[in-house]
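First the structure, in the form of structure tokens, and then the observations on it.
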2 protein chains.
Amino acid sequence: MNTEKKDPSSITIRDVARKAGVGVATVSRVLNNSEAVTEETRRRVQATIAELKYVPNPIAQQLSTGRHDAIAVTLPFLTYPSFVERLRGVQHALASTKFDLMLYSADVPDNPGKPPLPISKLRADGVLIISVPLDDSHVQQFLNSGLPVVLVDLFHPDHHRVFVDDIEGGRLATQHLVDLGHKRIAFLGDAFDEHKTFQAMRERFKGYRETLAAAGIPFRPEYHQQGPHGREEARVMAAALLDMDKPPTAIFAGSDTQAIGVLDVANERNIAIPQELSVVGYDGIRDSEFLDLTTVAQPLYESGIAGVELLLAILQDEPATPQEVRLPLALLPRGSTAAPRT
Amino acid sequence: MNTEKKDPSSITIRDVARKAGVGVATVSRVLNNSEAVTEETRRRVQATIAELKYVPNPIAQQLSTGRHDAIAVTLPFLTYPSFVERLRGVQHALASTKFDLMLYSADVPDNPGKPPLPISKLRADGVLIISVPLDDSHVQQFLNSGLPVVLVDLFHPDHHRVFVDDIEGGRLATQHLVDLGHKRIAFLGDAFDEHKTFQAMRERFKGYRETLAAAGIPFRPEYHQQGPHGREEARVMAAALLDMDKPPTAIFAGSDTQAIGVLDVANERNIAIPQELSVVGYDGIRDSEFLDLTTVAQPLYESGIAGVELLLAILQDEPATPQEVRLPLALLPRGSTAAPRT
DNA sequence: CTGATCTATGGAACCGGTTCCATAGTAACA
DNA sequence: TGTTACTATGGAACCGGTTCCATAGATCAG
């Protein structure tokens, strides 16, 4: 529909070869500075390249080499700050490489159940899957495709991954509250899903229960609220907790977003934080600092960087066994937690 | 370095042609369901394709058609919610098309002055530039490259764009404060830069001054604070305003992020909002709702959608003159503004 | 019934690189 | 000085599609 575009870069490698009086193979060698080319011919070719303002066509390079020089990144729709923060890390890490970043959203509004990406037509050398709960059939597709995959914030035994120890994180948060003297500690988080790769919430909960048990505090099922992720949804769950006859004196929320929902409710009801209610979040997003929220900080930005680095390493070596990179967690005690009133 | 990858998709169009007993041209015709192919041969070819699980190699398609089936999106590093919101719109709009999304960050920490993207090696059919202040030399490069470009939240006379009327937005915010009876109205925003395509802040300021003038309120230069963007930076500017002998009774912040910085300071100093100080923001990010911040809402998500739609339309038609799509603004009066105390 | 027109189809060129392989020229060795 | 082993280089095949162009067979008009 458009035959004669303005094409300043329609100069091909053959034009360069002809003008420089060499063969195309030699030009190609100069471009990839491979093998031995006489210093003199190299200079001549380079001069011609500069003169003609020749730029190699990346698509042709891809076709003949089989490489794409691109990484596909899938992550949930960018509604939560933690995903964005991870993506920033990915972007940063990729910026200093030759790889481009192809972004795929796993969950487009129109099409909630859609498989994250059409693997067969993926034009990338590797895939980074961040926080997208995949079910087994998708995981299998990736394994079959032979495309290198790195999971971030996800777990599957057959895949490389970058992770934090969420059980430990659950312990850190809960132990902090126990240490402050709390006995009535609630957990507010996402609903669990057995069949998915996203297990973080389950593990945080596990750490919570272990710590309660170790402290000799019985687990009270009514103190465990679970529901869809989101600030609004968290408000509803927090309200349910605070409406109880014996409301908790501390709430451990599975994410900062949810913790902020708890703070909203406390604010509405004039419940003093931390005097009347202690709140701990999880993630360490930027807002947690502004809100003076005690939280278990995980290296979000760094996880993006680590994911890229791991993927690039795998692209080179193709290791036989799944590689794992563990990132550290840190409890950041801030103003939203204190000893309970006695 | 890796000669024999597992290659389930190493079946080529010629394999299909041979097996189906037709020519490659016919297979190609079936793939692109172009021209006339007998219903019978079509079926036979399709059966063979299914049987062999043949998937066309996208790179080869790109090479021969010259298309990329990808859109490059450049935007500032994802530090502010408004950029993310726009990106979400882009992502959503692209999801229902055949186009992939290649993400480029204009401002990588390591490399602040770096040109947004290496145009020559851009593997995309078009470019969407969102909120990235470009200087003229970059704009020129794009124009020379012949690559279709759409600007979102930016202005340049030679480029297509999606925009809001920021002068009008400045008027809306200021008029709202004037109508409430304020006389001492400050403006707090980014520093201007003549040579860039990002002119929004200047225009909001222009709307502010026009409205003041129309209301017969003299402009007081000391009520105009400008500095780098950011919540923290806004706190400093807000503090300067509130430290004055005759502090403003209302502050119009050029963005919600900056307005939130103002609220921070008010909160620290126990200045009652809106009784002692009215605050108006700009953008309508999600947090503005939670914070009950009066703001001039612009359609951020929709701007991403509109940008993609405009770009795709241009890809088809290549219109001779720059196209413009204007999106509406709306003042959302909320709890952060009220009449001044007399 | 025959020549003209149309339709479905196949072969081959093409997109623009990379790389295998053959070769001419030179260096090294005996 | 003759033979061998390199080295630098060019030609051509190749990656896997799309599409131009030629052709065989079918259809139609006179």
Side-chain angles (χ1 to χ4, degrees), chain A residues 1-5 7-46 48-49 52-69 98 120-121 123 125, chain B residues 1-5 7-46 48-49 52-69 98 120-121 123 125:
Chain A
M1 61 183 65
N2 188 333
T3 44
E4 45 173 58
K5 234 181 182 134
D7 248 313
S9 57
S10 61
I11 299 132
T12 76
I13 197 169
R14 292 170 226 267
D15 297 325
V16 176
R18 194 174 327 118
K19 178 118 188 185
V22 297
V24 288
T26 303
V27 178
S28 179
R29 288 185 192 105
V30 171
L31 284 174
N32 303 291
N33 51 337
S34 67
E35 300 179 47
V37 178
T38 310
E39 199 46 44
E40 192 222 314
T41 39
R42 155 164 287 120
R43 248 196 289 279
R44 186 150 39 95
V45 170
Q46 277 167 339
T48 312
I49 287 174
L52 263 45
K53 295 194 204 311
Y54 165 70
V55 179
N57 179 328
I59 299 181
Q61 288 177 312
Q62 288 171 235
L63 181 59
S64 45
T65 58
R67 283 185 240 110
H68 294 258
D69 293 344
K98 64 177 177 179
S120 60
K121 50 199 296 266
R123 298 172 338 219
D125 302 311
Chain B
M1 59 182 71
N2 187 331
T3 44
E4 46 174 58
K5 233 180 182 133
D7 247 313
S9 56
S10 60
I11 300 130
T12 76
I13 196 169
R14 292 168 226 267
D15 298 324
V16 176
R18 195 175 327 118
K19 179 120 188 183
V22 297
V24 289
T26 303
V27 178
S28 180
R29 287 187 192 104
V30 171
L31 285 174
N32 303 290
N33 51 339
S34 67
E35 300 180 47
V37 178
T38 311
E39 198 47 44
E40 193 221 312
T41 41
R42 154 164 287 121
R43 248 195 291 277
R44 186 151 40 95
V45 170
Q46 277 168 340
T48 313
I49 287 174
L52 264 44
K53 296 196 204 309
Y54 165 68
V55 179
N57 178 327
I59 298 181
Q61 288 177 311
Q62 289 170 235
L63 182 58
S64 46
T65 59
R67 282 185 238 110
H68 294 259
D69 292 345
K98 65 177 177 176
S120 59
K121 49 199 297 267
R123 289 156 4 202
D125 302 311

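Quick note: numbers below take in every heavy atom, side chains included, and nothing from hydrogens, waters or symmetry partners. Labels below follow one simple rule: chain letters A, B, ... track the order of the sequence lines, proteins then strands, and each chain is numbered from 1.
- Side-chain atoms of B:Thr38 lie closest to C:dT9 of the nucleotides D:dT19, C:dG17, C:dT9.
- For B:Val37, taking side-chain heavy atoms from C-beta onward, the closest of the listed nucleotides C:dT9, C:dG17, C:dG11 is C:dT9.
- One can place CZ of A:Arg14 at 19 Å from P of D:dT9, the figure rounded to the nearest angstrom.
- Proximity of A:Asn57 to the phosphate of C:dC15: no side-chain N or O atom is located under 4.0 Å from OP1 or OP2.
- Each of B:Leu63 and B:Gly23 lies near DNA chain C, and the nucleotide nearest B:Gly23 is the one positioned closer to the 5' end.
- Sequence order on DNA chain C of the closest nucleotides to A:Val27 and B:Val27 puts B:Val27 first from the 5' end.
- Comparing C:dT18, C:dC20, D:dT18 against the side chain of A:Arg29 picks out C:dC20 as the nearest.
- Remark: A:Thr26 is in phosphate contact with D:dG10, judged by side-chain N or O atoms under 4.0 Å from OP1 or OP2.
- Residue B:Ser28 has a polar side-chain atom (N or O) positioned under 4.0 Å from OP1 or OP2 of D:dT18.
- A:Ser64 has no side-chain polar atom (N or O) that falls below the 4.0 Å cut-off from OP1 or OP2 of C:dG16.
- The phosphate of C:dC15 (OP1 or OP2) has no side-chain N or O of A:Thr12 nearer than 4.0 angstrom.
- Side-chain N/O atoms of A:Gln61 include none lying less than 4.0 angstrom from OP1 or OP2 on C:dG16.
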